[in-house]
Amino acid sequence: MKNFVEELKWRGLIHDITPSTEEFLLNNSSSGYIGFDPTADSLHIGNLVQIMTLVHFQKCGHKPIILIGGATGMIGDPSGKSKERKFLDEKKLIDNQNKIRSQFEKFLDFSGNNSASVVNNKTWFENFNLLEFLRNVGKHISVNYMMAKDSVKNRLETGISFTEFTYQLIQGYDFYWLWKNKDVKIQFGGSDQWGNILTGNELIRRLEGGESYALTTPLITKSDGGKFGKTEDGNVWLDENKTSPYKFYQFWINVSDEDAKVFIKIFTQKSNNEIKKLIVNHDKEPHLRIIQNALAEEITEIVHDKEKLNIAKSTSSVLFGKFLKEDFDNLEEKVMESLSTAVPCVTIKRDNLLNDFKTILTESTNFEIFKSKSELVRMIKNNGLSINKDKINNEDYIISDNLKFNKYLLLQKGKKNYTFIIVE
RNA sequence: GGGGGGAUACCAAAGCGGUCAAAUGGGGCAGACUGUAAAUCUGUUGACUUAUGUCUUCGCAGGUUCGAAUCCUGCUCCCCCCA
C-alpha cells in the first residue's frame with residue numbers, strides 16, 4: 001500500500017488528522033469519502049483540493065466515495081419560494097448530481113477493484129423520520145458536545161438556527177451509515193469540516209464502538225491575501241459552459257510565482273522530484289513562467305481535454321503572444337471561435353456594415369466598444385487601436401473587407417483590451 | 001437659537017468677471033519598457049460631421065452684465081465654533 005498520508009503531507013494537504021490514521025491506511029485498503037453539495041450543477045476549483053485528496057487516495061490503493069448531499073442539500077438552502085419547490089428541487093438535484101458525477105469521472109477511476117463510486121444521502125434519509133432519528137442518533141450525542149464545536153461556538157453570538165445546529169448530526173450520521181454499510185473508515189474535508197467529521201467518528205464509537213478516522217485539508221489562500229479561486233467574473237467552474245476552457249487555463253497561467261510553487265503540489269499529480277526540478281528551472285528563467293504553464297496544462301487537460309487545452313493555448317497566444325497580422329490570417333476557425341469565449345463579444349447586424357467605420361464602432365454597436373467617436377479618434381491618434389492584429393492609423397478602414405470567416409473581427413484597444421465582433 | 005465656512009469634472013482640490021472645457025494630484029485609458037507581473041517615463045482624459053467652430057458642464061432656481069464657475073437674491077444639503 002502506498003503511503004497516502006505521506007503523499008498528502010509533502011503536498012501540504014494536511015491540516016488535521018486523527019491519530020494512527022497513517023498506520024491504518026498503510027496496512028489496509030480502505031474506503032473514504034467526502035461530501036459535496038449538489039446545490040450547483042458544477043464543481044468549481046474551490047472543490048479541487050477535495051477532489052485531489054480522493055485522487056491520491058485512490059492512487060494509493062484505496063476506494064474513494066463521493067457523497068452527494070441530496071438530503072443535506074435540501075436542508076442547507078431553505079430559502080425557496082413556490083409550493084412546488086420540492087419537486088423541482090428533486091429534479092434539479094438529480095440533474096446536478098449527474099453532472100457532478102461526470103466531472104468526477106475525469107479524475108477518478110470508476111472501474112477496477114478500488115473503483116470510485118457515488119452515493120447520495122437521500123437514499124438513507126428519505127425514510128428516516130424525526131422520532132427515529134432522535135431515538136437512534138440524537139440520543140447518543142449531547143448538546144454539550146455539539147456546543148463545544150468551534151463551528152457552533154463561533155455562531156453563538158450572532159445566532160444559529162436549530163437546523164444549522166443539527167447539521168453536524170446529520171453529517172455525522174452519514175459517516176456512520178457509510179461506515180456500517182459501505183465499510184468506509186475515513187472522512188475527508190476542508191479544515192472547516194473538522195468538527196462535523198469528528199461528530200461522525202464519535203457517533204460510530206458510541207453506537208458500535210467502531211474505529212474510524214478523519215483528515216482535513218487546509219484552506220487554500222493566496223500570498224496576497226486574496227481568496228483563492230475567485231476572479232472578477234466570480235467562481236472558476238469546471239463546467240466549460242460556465243467557465244470556458246480558455247478562461248480556466250488563464251486562471252492558472254496568471255497565478256503568482258509564489259502561489260504557483262504551492263499550487264503545483266496541491267493541484268497536479270506530479271512527483272516531488274518533478275516539481276523540484278520545475279521550481280529550479282523556473283527560478284533560473286522566471287519570465288518563462290514554467291510552473292504556471294505546467295500547472296495550467298495539467299489541470300486544463302484533465303478537466304477539459306487535450307484538444308481544448310490546445311485551443312486555449314492558441315487562443316492565449318493570439319491574445320498575449322507576439323502575434324502578427326500574418327499569423328492571424330492563418331488562424332483556424334476553431335481557435336477563432338474560442339476567442340468568443342475568451343474576450344467580451346459584441347454582435348452587429350450585417351446591414352450595419354454599410355455605415356462608415358466610426359459609426360460602426362460606436363452607434364451600430366450601441367457604444368459598447370467606444371463611448372463616443374471622440375474616444376475612438378483619440379485611441380487611433382494614440383496608436384492604440386488594432387483590428388485583426390493590424391494597427392489602424394486612419395479612419396477610412398473598411399470593416400466588411402476584413403472580416404474573418406466572413407463574420408468575425410478581433411478588435412483591440414491597446415494591448416490587452418479586446419472585443420470580439422460577430423456579424424450576424 | 002447665535003456665528004463662521006463650504007458645495008467645481010470619476011475622486012481630491014485650485015480658480016473668485018472675459019485669455020475657463022476649467023490649474024494640480026490621484027484614478028482611468030493609451031504609448032515605451034516588461035514575464036499576460038511590479039516599478040518607471042510619455043501622451044491622453046465632456047460631446048459633436050476635428051473645427052484657431054458649435055453645444056453641454058462648476059449644488060438648485062432666478063437675477064445683474066456685451067460677457068458669470070466667478071457678482072447679487074432665494075432654496076437645498078454638508079462641516080466647524082458658541083449656547
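What you see below is based on every heavy atom in this structure, not just the backbone, and it leaves out hydrogens, waters and symmetry mates. Letters A, B, ... mirror the listed sequences (proteins, then strands); counts begin at 1.
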Take atom [atom1] in [N] and the same atom in [M], then report the distance between them in whole Å.
N	M	atom1	answer
B/G35	B/G27	P	24 Å
B/U73	B/C41	P	48 Å
B/U34	B/G53	P	42 Å
B/C16	B/A22	P	16 Å
B/C77	B/G31	C1'	43 Å
B/A23	B/G18	P	16 Å
B/U54	B/G62	P	25 Å
B/A69	B/C58	C1'	4 Å

Taking the ring centre of each residue, are [X] and [Y] less than 6.0 Å apart?
X	Y	result
A/F188	A/F4	yes
A/F104	A/F110	no
A/Y213	A/F24	yes
A/F228	A/F267	yes

Only pairs with both distances under 3.5 Å count, Watson-Crick or wobble alike; so what is the partner of [N] in this structure?
N	answer
B/A13	none
B/G1	B/C82
B/A7	B/U76
B/G46	B/C55

- [ ] Give me the ring orientation class for A/F165 and A/F162: parallel if the planes are under 30° apart, tilted from 30 to 60°, perpendicular past 60°.
- [x] tilted
Crowding at CE, A/M147 (>12 non-hydrogen neighbours, <6.0 Å):
no
By salt bridge (charged side-chain N to carboxylate O under 4.0 Å, His left out), A/D305 pairs with (sequence neighbours left out) A/K308
For nucleotides 29-37 of chain B, 5' to 3', base contacts (B), sugar-phosphate-only contacts (S) and non-contacts (-) with protein non-hydrogen atoms under 4.0 Å give SSSSBBBBS
Separation of B/U44 atom C1' from A/L376 atom CG, nearest Å, is 15 Å
Here the distance between atom P of B/U50 and atom CD of A/E375, to the nearest Å, is 17 Å
A/K373 side chain near B/U49 phosphate (N/O to OP1/OP2, under 4.0 Å) | yes
